[in-house]
Amino acid sequence: MVSVIFFHTARIFDDLGFYVKNEPLIPALTFVVSMAALWGMPLMFMISGYAIRYSLQKRTVSAFVRERLQRLLVPFVISLVIIVPPQIYFELLGDPAYQQSYLQFYPRFFDITFDIDFPWFVTATPESGYFHPAHLWFIYNLLIYTLLMLPLFLYLRQERGQQIVERVVCYCATHSWAIFLFALPLAVIESSLGVDLSGGWNQFGYLFILCYGYIVASDERFGQLFNQYRREALVIALVASVICFVGLYNLVNSSNINPFESNDAVSITLRFIKGMAGWFWIVAIIGYLESARHKRQHFAAQQPAHSQSSIFRLERYANDAILPIYLLHQTLVVIVGFYVVQWETGALLKFLVISLSTLVITLLLYEFVIKRMRVTRFLFGMKPYPINQ
């Protein structure tokens, strides 16, 4: 999650749209950002699938739904009211002709109209509204997808569902590379439906990835398979990514075709390769994380008890801080970036100042404001641990 701060700081310098932009831009960062987008949001939905599986293991259905509403809906609403509007306002301030104060702008942020576009049902009123969920789309989509797929998750934890998972993992274990067949639905969705603005992927693909995360967390043998094929997956992911980016770059620069939405044969093929590459990245990343986890467990077992306790406290601290960091970070990137890009200095220094300042401010807000008060813990989706923990 900390790396997301550096990712969104890079968005200030690439040649894609963002709330604040530096001049001059750094075209090379567009490649870095695009490469990260191939696995960034899919990996977050994959991990969310893991979390759903573990949460349902120790909760009743009603308790799980209450927990999801508390930890996703509540922070989504409070962040939509407080955290997101400054991003839009500072984007507007980038236009010298815009002279309204924040108090004049704020009511227009909530000037919305009903427009059903799954999973959203509201949008900004044309020509008068500024509503936009910004980075909160992930929190909202995750909540909607979780509730929508809850019947499937409940079925998979029953005996019949567990038998299906058992057959799938056994098939993957006995048939080389079968684990990569999971990529086909993602590739078909990307190639046939096109790419949304939701993290660089079609939003229906996230439904599959969320389900994949739940299934993989249901049987530890999936992690072993990811570990087994991590090197092959990494090589194929790199090759497919290069093919995809070279093809997209040439298509965009040699014609007026939008390859992310066009239905010509080349665009469809490139999006299919993109979908495949995304899953190979996930397999590679989780595979290497599995390998590192085994090494860490072996190392921790050899350490004294007090060292193991320190590692546990650090992990718990990081786990608690994940959601508040996500909610806060992008607004701070935009606000700090708005002023820093006006400096007469090099882009590298600006990048470091924006990213590191955002990281420090985010952690300070978390540590001394959000973490220590029960009301802020609740509003930011944190578990109601005792304050002294």
Side-chain angles (χ1 to χ4, degrees), residues 1-4 6-7 10 28 31-51 53 165-191 199-201 205-206 208-249 269-302 311 315:
M1 191 57 66
V2 169
S3 68
V4 175
F6 296 91
F7 173 83
F31 174 79
V32 176
V33 166
S34 300
M35 182 69 75
L38 272 178
W39 55 264
M41 293 313 303
L43 187 62
M44 289 181 67
F45 276 101
M46 188 80 175
I47 294 172
S48 298
Y50 276 66
R53 175 68 173 87
V165 173
E166 173 75 15
R167 286 196 292 267
V168 171
V169 71
C170 288
Y171 183 85
C172 291
T174 56
H175 293 76
S176 299
W177 297 73
I179 194 71
F180 298 125
L181 295 177
F182 284 75
L184 289 177
L186 306 180
V188 170
I189 289 173
E190 287 292 304
S191 60
W201 284 77
Y206 293 135
F208 281 87
I209 298 173
L210 187 67
C211 184
Y212 290 168
Y214 184 95
I215 293 173
V216 170
S218 300
D219 195 309
E220 63 180 14
R221 286 174 292 179
F222 279 113
Q224 296 170 5
L225 289 170
F226 281 33
N227 187 5
Q228 178 181 348
Y229 291 111
R230 67 187 188 278
R231 297 182 181 86
E232 295 88 343
L234 179 60
V235 172
I236 297 175
L238 287 169
V239 172
S241 299
V242 171
I243 293 174
C244 182
F245 287 134
V246 170
L248 292 174
Y249 178 84
T269 301
L270 289 174
R271 293 200 302 268
F272 187 90
I273 296 173
K274 171 182 175 289
M276 298 291 290
W279 178 247
F280 279 96
W281 276 114
I282 291 176
V283 173
I285 292 171
I286 294 181
Y288 278 99
L289 289 175
E290 280 288 327
S291 177
R293 181 173 68 89
H294 292 309
K295 294 178 181 177
R296 187 189 64 176
Q297 288 176 341
H298 177 72
F299 174 78
Q302 299 175 334
I311 294 174
E315 290 178 340

Any Pro42 side-chain heavy atom under 4.5 Å of Trp279 side chain: no
Validation row: Glu290, Gln228 side chains within 4.5 angstrom (heavy atoms): no
Met46 side chain near Val216 side chain, heavy-atom distance below 4.5 Å: yes
Any Phe280 side-chain heavy atom under 4.5 Å of Glu232 side chain: no
Note, Met276 side chain near Leu184 side chain (heavy atom, < 4.5 Å): yes
Residues, nucleotides or ligands: over 12 heavy atoms within 6.0 Å of Glu315 CD: yes
Tyr212 side-chain N/O to Phe182 backbone N/O, donor-acceptor pair under 3.5 Å: yes
Tyr50 side chain near Ile286 side chain, heavy-atom distance below 4.5 Å: yes
Nearest-0.5 Å distance that lies between atom CD1 in Ile273 and atom CZ in Phe245: 12.0 Å
Euclidean distance, Cys172 SG relative to Leu181 CG, rounded to 0.5 Å: 7.0 Å
Whether Arg230 side chain and Asn227 backbone form a donor-acceptor pair below 3.5 Å: yes
Minimal non-hydrogen separation, Ala277 against Ala240, with atom names: CB-CB, 3.7 Å
Closest heavy-atom pair and its distance - Gly275, Leu186: O-CB, 4.1 Å
Note, Trp281 side chain near Leu43 side chain (heavy atom, < 4.5 Å): no
Aromatic plane relationship, Phe180 with Trp177 - under 30° parallel, 30 to 60° tilted, over 60° perpendicular: tilted
Value rounded to 0.5 Å, distance of CG in Leu225 from CG in Asp219: 9.0 Å
Residue pair Lys274 / Cys244: nearest heavy atoms and the distance that separates them: CB-SG, 3.7 Å
Smallest separation among heavy atoms of Ser218 and Arg53, with atom names: OG-NE, 2.8 Å
Ser291 side-chain N/O to Gly287 backbone N/O, donor-acceptor pair under 3.5 Å: no
Chi angles and distances behind the side-chain contact (heavy atoms from CB on, under 4.5 Å) call for Leu289, Phe226: CA-CA 9 Å; Leu289 289 175; Phe226 281 33; over 6 Å; no
OH (Tyr229) with more than 12 external heavy atoms under 6.0 Å: yes
Minimum heavy-atom distance between Val33 and Ala10, given as atom pair plus value: CG2-CB, 3.9 Å
Smallest separation among heavy atoms of Ala37 and Trp201, with atom names: O-NE1, 3.0 Å
